[in-house]
A.B. asks: 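Sending over a structure as structure tokens; questions will come in a sec.
Proteins come first, then strands; the chains are lettered A, B, ... in the order of their sequence lines, and each starts at number 1. Keep in mind it's a predicted model, so treat the numbers as computed, not measured.
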Protein chains: 2
Amino acid sequence: MARVSLKFLASELGLAEGTVSRALNDYPDISEATRTRVKALADQYDYRANHSARRLATGVAEAVAYLMPPNTGSISEPFVAQLLTGLGQSLATRGWDLLVVQSPSAEQEGDAIRRLASSGKVSGVVLSRPYKEDARIKLLQEVGLPFIVHGRAQNYADYAWYDVDSETAFMDAVDHLAMLGHRRIGFIGAPTYYNFAQTRLDGFRKGVMHNGLPADEALIEIGEIGDSGGERAASVLLSSAKQPTAILCATDTQAIGALAAARARNLTPGQDISIIGYDGLDIGRHTNPPLTTMAQPQAYSGRQIGDMLLAIIDGGSPTDFQELRSAELVRRLSDGPLRPTTLETNIFHGGKK
Amino acid sequence: MARVSLKFLASELGLAEGTVSRALNDYPDISEATRTRVKALADQYDYRANHSARRLATGVAEAVAYLMPPNTGSISEPFVAQLLTGLGQSLATRGWDLLVVQSPSAEQEGDAIRRLASSGKVSGVVLSRPYKEDARIKLLQEVGLPFIVHGRAQNYADYAWYDVDSETAFMDAVDHLAMLGHRRIGFIGAPTYYNFAQTRLDGFRKGVMHNGLPADEALIEIGEIGDSGGERAASVLLSSAKQPTAILCATDTQAIGALAAARARNLTPGQDISIIGYDGLDIGRHTNPPLTTMAQPQAYSGRQIGDMLLAIIDGGSPTDFQELRSAELVRRLSDGPLRPTTLETNIFHGGKK
DNA sequence: CTTGATTCCGAAAGCGCTTTCGGAATAGCG
DNA sequence: CGCTATTCCGAAAGCGCTTTCGGAATCAAG
């Protein structure tokens, strides 16, 4: 692992360091002849500029940080790997690095951001899963570090973001269920300090109103993200007297928990009760029954977010980079038309036997 | 975002740059008085040493890379986020950075490693999910970059690794099934260029032999990692004339696919057929039925791997850092005793009606 | 053959930090 | 009070690269 330096190449070639550097970086004041000569030797020695030196000299970090959502340890985030892969691909087009940074706790995220900014380690940041009121966004704006948000906060006018329109998706899902005859539609949400959770709840409510359905707060239950949270929330909804005939879940993992809760009550999802998730997780194909879900274009996002961030770092105006994608309903087998008998049974006996 | 420099602090304090630097880094030749004075001002200005400059001067990268397994984009890797979180925690104890690097294809991983080594970007690497014969390991040894492998290759004598003893786990699982009366035990494996796949298959075979069960290659089916691969493999096993009464799967996601395949054939897992997975995924609690699985101590691994790598970077001998954890069987409801009737039915009709 | 414009490269400064070295100031000792 | 041993800090070199600037060599034109 002989770490080759510019100086070495220069002496080997009988050139000055500066000349070699400019040759390697395609400066126009270097003759074609020496340029190729230099590059050949660099290749041969597998030369790679020391990044720290280069960064120090140029002042550009050539790296971007992904702020890992706090408290990720316990939950296995299905999307993180995919997002990182996409980001990495985007950055690779320039040879930039991808840093993963996290803070020990949500409270200390501000410090982590401040540290990032003042150390000059990165030229940009991607922030995931914002809160409704997100201090991190304000902070990033203050310190002047280019950034893009994966998702949106409540106020999303003056920064760059990439999001999926889950509000519309949930409205559509309510439409869909209403069309199937459902009138008592339940909603399992996530903690509403997450803005995505609020958005989906809003979409649900609008859908309910739009379809002229009874807006009953008892049909709304908030649970933790994840299958256990979904199961608990579904249990609450299903054991209430005014049991819903369909349930919309804020995430697929919650929906999987809800499926389990339904089966535990001898309700067959797709027949006795409709359950729809959101995310489009592959694993939903093999749940029992296969999960109807609103699928978002995941594969695409990381790459796109990276490209957008790079454009901003290059001087683009953040507000020019706000992209809203839409989700689409993927019907599998966990939803179905309202069955009158089910409804009646539910009403009179609080659940199917 | 006034980026404060050493020079600025020095002039502000009426000291030399070098003195300020040594004060900040707790050199013993600085009086307590000026040390506190310096640190106070540094605090006040939220001073953070420019990382590139520091790295250049010291020659240590203060960063570690995680080599993202190739082809991760399509699959949602449930473990990556958790591993990264643990790694990050470990690195945070020193203020080091975590880089995520990937190569466009498996073939180009060598280049990626070489680039890492010659650019001096990182002082160490963690490699995941090794192949049986893993050229990356040899390469890392050649270039002299400290590293640790999450998992083991076939030959695992001369480098550092952290692994879970899945061979024993699968032997135990066969024992368990044999004790329940099963004799025709199937195995759904992953592609055996992954060493973990080979290991689990080996464990299965040893278990079969150890229990004096018929070693029938037709009971072994290799599928892709993931639920769809598991479903396909299970379909093959279940439609063969010599249908197994129990199936061991190399991963939980495969097992989830296998559960679906069984249900599709009107076999009730846990009763008509036993299905056991490996990984201990949370979501297995809410499959139908809840999945019996061999759980590995996930939460612990990232942190531990990071600590081990740091110790090696500090000069520890890689072979002193080889840690084998064990998995434990978590019984849920997808396994059960052999039911003679089922067996007969299977034999005569190739499946329960 | 002289002159002015080009082409190409060397020299040197500087990015912000660390670290060695030497020396001034102070302390300890006889 | 003089001398050596300590304590503490300043000065300067250097990490490996980029980039500006100026000058030597080459060219074309007069």
A.B. asks: Can the ring centroids of A/Y45 and A/Y47 be said to lie less than 6.0 angstrom from one another?
C.D. replies: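 No.
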A.B. asks: Should A/I305 and A/F321 count as side-chain neighbours, where that means a heavy-atom distance under 4.5 Å?
C.D. replies: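 Side-chain contact under 4.5 Å: no.
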A.B. asks: Hey, is the side chain of B/R55 pairing donor to acceptor with the base of D/dG16 inside 3.5 Å?
C.D. replies: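 Absent.
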A.B. asks: Between B/R35 and A/S52, name the one whose nearest nucleotide on DNA chain D is closer to the 5' end.
C.D. replies: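 Taking each residue's closest nucleotide, the earlier one in sequence belongs to B/R35.
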A.B. asks: Starting at the 5' end of DNA chain D, which residue's closest nucleotide do you reach first, B/G14 or A/N25?
C.D. replies: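 The answer here is B/G14.
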A.B. asks: So, OP1 or OP2 of C/dG10: does either fall under 4.0 Å of a side-chain N or O from A/T19?
C.D. replies: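 Affirmative; the distance criterion is met.
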A.B. asks: Measure from NZ or CZ of B/R325 to the centre of the six-membered ring of B/Y162, then state whether that distance is under 6.0 Å and the direction lies within 45° of the axis.
C.D. replies: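 No, B/R325 does not sit over the ring of B/Y162.
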A.B. asks: OP1, OP2 of D/dC17 versus side-chain N and O of A/Y47: anything below 4.0 Å?
C.D. replies: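 So the side chain of A/Y47 is within the cut-off, an N or O lying under 4.0 Å from OP1 or OP2 of D/dC17.
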A.B. asks: What's the CZ-P distance between A/F8 and D/dC15, to the nearest Å?
C.D. replies: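 Those two atoms, CZ and P, are 16 Å apart.
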A.B. asks: Taking CD from B/E32 and P from D/dT6, how many angstroms apart are they, rounded to a whole number?
C.D. replies: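 Going from B/E32 (CD) to D/dT6 (P), I get 21 Å.
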A.B. asks: Take the protein atom CG of A/L56 and the nucleotide atom C1' of C/dC15, then report the distance between them rounded to whole Å.
C.D. replies: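 Computing the A/L56:CG to C/dC15:C1' distance gives 4 Å.
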A.B. asks: Are A/R22 and A/T19 close enough that a side-chain donor and a side-chain acceptor fall under 3.5 Å?
C.D. replies: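 On atom types as modelled, these side chains qualify, holding a pair under 3.5 Å.
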A.B. asks: Between A/T58 and B/G18, which is nearer to the 5' end of DNA chain C once each is assigned its nearest nucleotide?
C.D. replies: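 Its nearest nucleotide being more 5', the pick is A/T58.
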A.B. asks: In terms of side-chain heavy atoms of B/Y27, which of C/dT19, C/dT18, C/dC9 is nearest?
C.D. replies: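 Among C/dT19, C/dT18, C/dC9, the one nearest the side chain of B/Y27 is C/dT19.
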A.B. asks: Can you tell me how far P of D/dT20 sits from CD of A/E17, to the nearest Å?
C.D. replies: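 A/E17 atom CD is separated from D/dT20 atom P by 17 Å.
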A.B. asks: The side chain of A/L15 lies closest to which of these nucleotides: D/dC9, C/dG10, D/dG16?
C.D. replies: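 Per side-chain heavy atoms of A/L15, the pick is C/dG10.
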A.B. asks: B/R22 CZ to C/dC17 P: how many Å, rounded?
C.D. replies: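 Taking CZ of B/R22 and P of C/dC17, I get 15 Å after rounding.
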A.B. asks: Is a donor-acceptor contact shorter than 3.5 angstrom present between the side chain of B/N50 and the base of C/dC15?
C.D. replies: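 No pair found.
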A.B. asks: Does B/S21 have a side-chain nitrogen or oxygen under 4.0 Å from the phosphate oxygens OP1 or OP2 of C/dT18?
C.D. replies: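 For C/dT18, OP1/OP2 do have a side-chain N/O of B/S21 under 4.0 Å.
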